[in-house]
Amino acid sequence: MAVEVALERLLEMAAATPIVQHERVSLTEAQGRVLAEDLVSTLDLPPWPNSAMDGYALRLADWDGETPLVISQRIFAGQSPDPLAAGTCARIFTGAPIPMGADCVEMQENVIVEDDQRVRFTQPMASGQNIRPQGQETTVGEQVLGAGTRLGPIELGLAASLGRASLDVIRRVRVAVLSTGDELVEPGQPLGPGQIYNSNRVLLCGWLQRLGCDVVDAGILPDDLATTRTCLAQLSDVDLILSTGGVSVGEADFLGIALREEGELTLWKLAIKPGKPLTFGHFRGVPVIGLPGNPASTLVTFALLARPYLLRRQGVQAVSPLKFQVPAGFVWTKAGNRREFLRGRIENGRAIIYRNQSSGVLRSAAWAEGLVEVLEGRTLAEGDIVSFIPLSEVLD
Ligand SMILES: Nc1nc2c(c(=O)[nH]1)N[C@H]1C(S)=C(S)[C@@H](COP(=O)(O)OP(=O)(O)OC[C@H]3O[C@@H](n4cnc5c(N)ncnc54)[C@H](O)[C@@H]3O)O[C@H]1N2
Ligand code: MOO
Ligand SMILES: [Mg+2]
């Protein structure tokens with residue numbers, strides 16, 4: 001199955017079981033969450049015209065082109081000025097309200113101040129110059145952000161500028177993280193013969209937390225069908241079970257079997273590398289995404305499939321990461337029948353790739369800045385165009 005088809009099906013299923021419950025949280029708590037309301041402005045922003053410069057406000061018609069104007073008031077940000085007396089100017093600072101009657105601000109670098117009292121303007125000026133009009137950012141009643149927007153520092157800054165201290169966001173998605181494998185040991189424990197440390201758990205838990213999920217650490221699951229069934233059955237109250245490993249065709253791969261027996265096995269064998277045996281299904285009605293166990297496969301399939309799924313369940317429409325086209329700075333001779341997502345970087349405007357692209361090598365991703373997409377059946381010469389997906393696009 002092509003990765004686009006799998007993604008489309010996953011997104012359809014996500015949209016069919018949307019998480020609609022929402023909660024009101026403070027702006028700091030809203031970081032990484034999804035907006036559940038339309039954010040409509042209740043004020044004009046800025047609320048009044050204000051100065052973009054430190055300088056002098058005047059009514060342009062009061063200036064004859066040479067006679068200095070007397071300074072009649074000083075206006076700081078935070079003050080409420082008197083109307084500008086006819087034939088005078090006002091000392092004004094950046095962010096301060098423009099006094100009624102003034103239609104122009106000249107920056108102080110362009111004037112000569114005489115006796116601390118009069119200002120000689122030295123250059124032609126235009127009406128409206130250096131004035132930030134009322135409502136230039138937004139006006140009362142205007143929708144500034146829509147429900148389904150993922151909230152980052154910029155969106156939260158915008159909400160704050162409108163005076164919002166809290167927002168309605170979709171409740172946290174509850175995700176159980178399950179690491180399957182008899183060989184796995186948690187870091188900090190001694191390593192016995194045949195064992196390796198569990199790296200996928202911390203990778204996924206950290207990533208899910210950034211996505212605003214409520215992570216249930218379901219621990220390490222031994223490669224055993226009965227235990228797999230029992231463990232999955234205990235996770236009946238989550239929105240998604242996200243597992244790693246145990247999805248291929250080996251004699252110790254039980255996740256697919258458990259889903260087929262007590263639920264539904266929906267996806268199997270994707271035409272991507274790494275990540276071929278990605279599995280999607282249900283266990284007694286609870287959605288399950290089974291990521292392949294190899295760490296780089298876990299990373300790529302989470303980035304390209306599980307993350308968009310989790311965002312769509314919360315109503316986010318824009319779930320696909322930005323890609324850009326870049327010339328390859330490497331040669332690729334082995335045309336594959338799966339789409340490859342190589343761990344790469346941009347150097348001198350060209351994509352280069354980590355020397356070892358084994359799906360068991362997580363260091364490739366630590367070195368990388370992004371995923372270089374090589375289409376099915378393609379070979380590459382240096383300078384051929386490839387797509388590049390920055391890791392920053394998929395990691396937050
Ligand atoms: N005969 C075939 N064998 C395999 C195929 C195939 O098509 N035919 N596909 C290969 C591909 S591609 C992948 S990817 C792997 C995926 O296997 P599983 O998802 O079943 O994962 P495991 O077999 O359990 O583990 C694979 C690998 O990853 C290591 N691992 C697992 N979990 C963790 C963890 N939490 N932290 C660190 N490392 C982990 C595990 O020790 C294995 O080395 O199947 C191929 N086989
Ligand atoms: O597709 Mo597997 O994820 O390459 O190693
Ligand atoms: Mg396996």
Side-chain angles (χ1 to χ4, degrees), residues 1-3 6-7 175-189 191-208 215-225 227-228 231-232 241-260 265 267-281 288-306 332 334-344 353-354 356-366 368 371-376:
M1 182 181 282
V3 61
L7 179 62
V175 183
V177 173
L178 193 55
S179 313
T180 78
D182 281 343
E183 73 278 32
L184 300 179
V185 176
E186 288 304 342
Q189 307 294 315
L191 209 54
Q195 295 184 317
I196 60 165
Y197 288 117
N198 181 3
S199 56
N200 288 337
R201 175 184 153 272
V202 74
L203 170 80
L204 289 178
C205 288
W207 210 338
L208 289 165
V215 181
V216 177
D217 182 2
I220 293 173
L221 178 67
D223 293 320
D224 168 74
L225 183 57
T227 319
T228 302
C231 175
L232 293 176
I241 299 171
L242 186 64
S243 68
T244 60
V247 289
S248 184
V249 292
E251 289 179 11
D253 295 328
F254 294 113
L255 188 84
I257 301 173
L259 297 190
R260 206 179 285 127
L265 183 62
L267 297 179
W268 187 247
K269 287 212 172 108
L270 285 193
I272 59 170
K273 187 176 178 184
K276 176 168 70 167
L278 178 116
T279 295
F280 179 81
V288 180
I289 296 180
L291 306 177
N294 283 309
S297 315
T298 297
L299 179 133
V300 167
T301 49
F302 185 86
L304 299 180
L305 296 147
W332 191 253
K334 37 180 188 205
N337 53 9
R338 293 189 271 162
R339 177 105 35 111
E340 303 241 7
F341 291 93
L342 308 168
R343 275 70 71 211
I353 53 171
Y354 192 71
N356 185 336
Q357 292 289 332
S358 160
S359 54
V361 176
L362 186 58
R363 207 171 149 192
S364 61
L371 300 173
V372 179
E373 183 176 0
V374 180
L375 298 181
E376 300 82 333

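Counting starts at 1 for both ligands and their atoms, in listed order. If you read the sequence from its start, that first residue is 1, and numbering goes on from there.
Remark: ligand 2 atoms within the under-4.0 Å shell around heavy atoms of Asn294 are 5 (O). Against a heavy-atom cut-off of under 4.0 Å, Ser297 is close to the following atoms of ligand 2: 2 (Mo), 3 (O), 5 (O). Near Ser248, the atoms of ligand 1 lying under 4.0 angstrom from a non-hydrogen atom of the residue are 3 (N), 4 (C), 5 (C), 6 (C), 9 (N), 16 (C), 17 (O), 18 (P), 20 (O), 44 (O), 45 (C), 46 (N). Ligand 2 places these atoms under 4.0 Å from at least one heavy atom of Pro274: 1 (O), 3 (O), 4 (O). The Val249 neighbourhood of ligand 1 comprises atoms 1 (N), 2 (C), 8 (N), with distances under 4.0 Å to a heavy atom of that residue. Against a heavy-atom cut-off of under 4.0 Å, Tyr197 is close to the following atoms of ligand 1: 36 (N), 37 (C). Of all atoms in ligand 1, listed by their number and element, those nearer than 4.0 Å to a heavy atom of Val247 are 18 (P), 19 (O), 20 (O). Taking every non-hydrogen atom of Asn198 and a distance limit under 4.0 Å, the qualifying atoms of ligand 1 come out as 34 (C), 35 (N), 36 (N). Close approach to Asp253 involves these atoms of ligand 1, each under 4.0 Å from a residue heavy atom: 20 (O), 23 (O). The distance from ligand 1 to the heavy atoms of Pro292 drops below 4.0 Å at these ligand atoms: 14 (S), 19 (O). Below 4.0 Å from some heavy atom of Lys276 lie the following atoms of ligand 2, by number and element: 1 (O), 3 (O). The Ser297 neighbourhood of ligand 1 comprises atoms 14 (S), with distances under 4.0 Å to a heavy atom of that residue.
Of the polar atoms of Ser199, at least one N or O is found under 3.5 Å from an N or O of ligand 1, judged by distance alone. By the 3.5 Å distance cut-off applied to N or O atoms, Gly275 is not counted among the residues near ligand 1. Polar contact check, Ser359 against ligand 1: no nitrogen or oxygen pair lies under 3.5 Å apart.
Within the 4.0 Å heavy-atom cutoff, Lys276 counts among the residues contacting ligand 1. Within the structure, ligand 1 has Gly246 among the residues with a heavy atom less than 4.0 angstrom away. At a 4.0 Å cut-off, not a single heavy atom of Gly360 sits close enough to ligand 1 to count as contact.
Residues Ile289 and Thr301 are not in side-chain contact: their nearest non-hydrogen atoms beyond the backbone lie 4.5 Å or more apart. Inter-residue side-chain proximity for Gln189 and Asn198 is flagged as unmet; no heavy-atom pair is nearer than 4.5 Å. You'll find the side chain of Asp223 reaches within 4.5 Å of the side chain of Glu183, heavy atoms only.
Only side-chain heavy atoms of Leu184 come within less than 4.0 Å of ligand 1; its backbone N, CA, C and O stay farther off. Within the 4.0 Å heavy-atom criterion, the part of Glu183 lying near ligand 1 is the side chain and not the backbone. With a 4.0 Å heavy-atom cut-off, ligand 1 is reached by the side chain of Ile196 but not by its N, CA, C or O.
Residues Leu184 and Tyr197 come closest through the heavy atom pair CD2-O, 4.4 Å. Between Ala271 and Ala2, the shortest heavy-atom contact is CB-CA, 4.5 Å. Summarising the geometry of Pro292 relative to Thr244, their closest heavy-atom pair is O-CB, 4.4 Å, with the distance given to 0.1 Å. Ala258 and Thr228 get closest at one heavy-atom pair: CB-CG2, 4.0 Å. Across Leu299 and Trp207, no two heavy atoms sit closer than the pair O-CH2, 3.5 Å.
Remark: side-chain polar atoms of Arg339 are not paired, donor with acceptor, to backbone N or O of Asn337 under 3.5 angstrom. In terms of modelled atom types and a separation under 3.5 Å, the side chain of Gln195 and the main chain of Gly192 share a donor-acceptor contact. Panel note: side chain Asp224, backbone Thr227; a donor-acceptor pair is recorded below 3.5 Å. Listed for the Arg343 side chain is a donor-acceptor partner under 3.5 Å among the backbone atoms of Gln357.
For atom 11 (C) of ligand 1, the candidate residues are Ser179, Pro277, Gly256; the nearest heavy-atom contact is made by Pro277. Across the listed options Val185, Leu291, Asn294, Val202, Asn294 owns the non-hydrogen atom lying nearest to atom 15 (C) of ligand 1.
With sequence neighbours excluded, the residues that form a ring pair (Phe, Tyr, Trp, His ring centres under 6.0 Å) with Phe280 are His282, Tyr309.
For atom 5 (O) of ligand 2, the nearest non-hydrogen atom of the protein is Ser359 OG, 2.3 Å.
Here the OG atom belonging to Ser179 is positioned 9.0 Å from the CG atom belonging to Leu221, to the nearest 0.5 angstrom.
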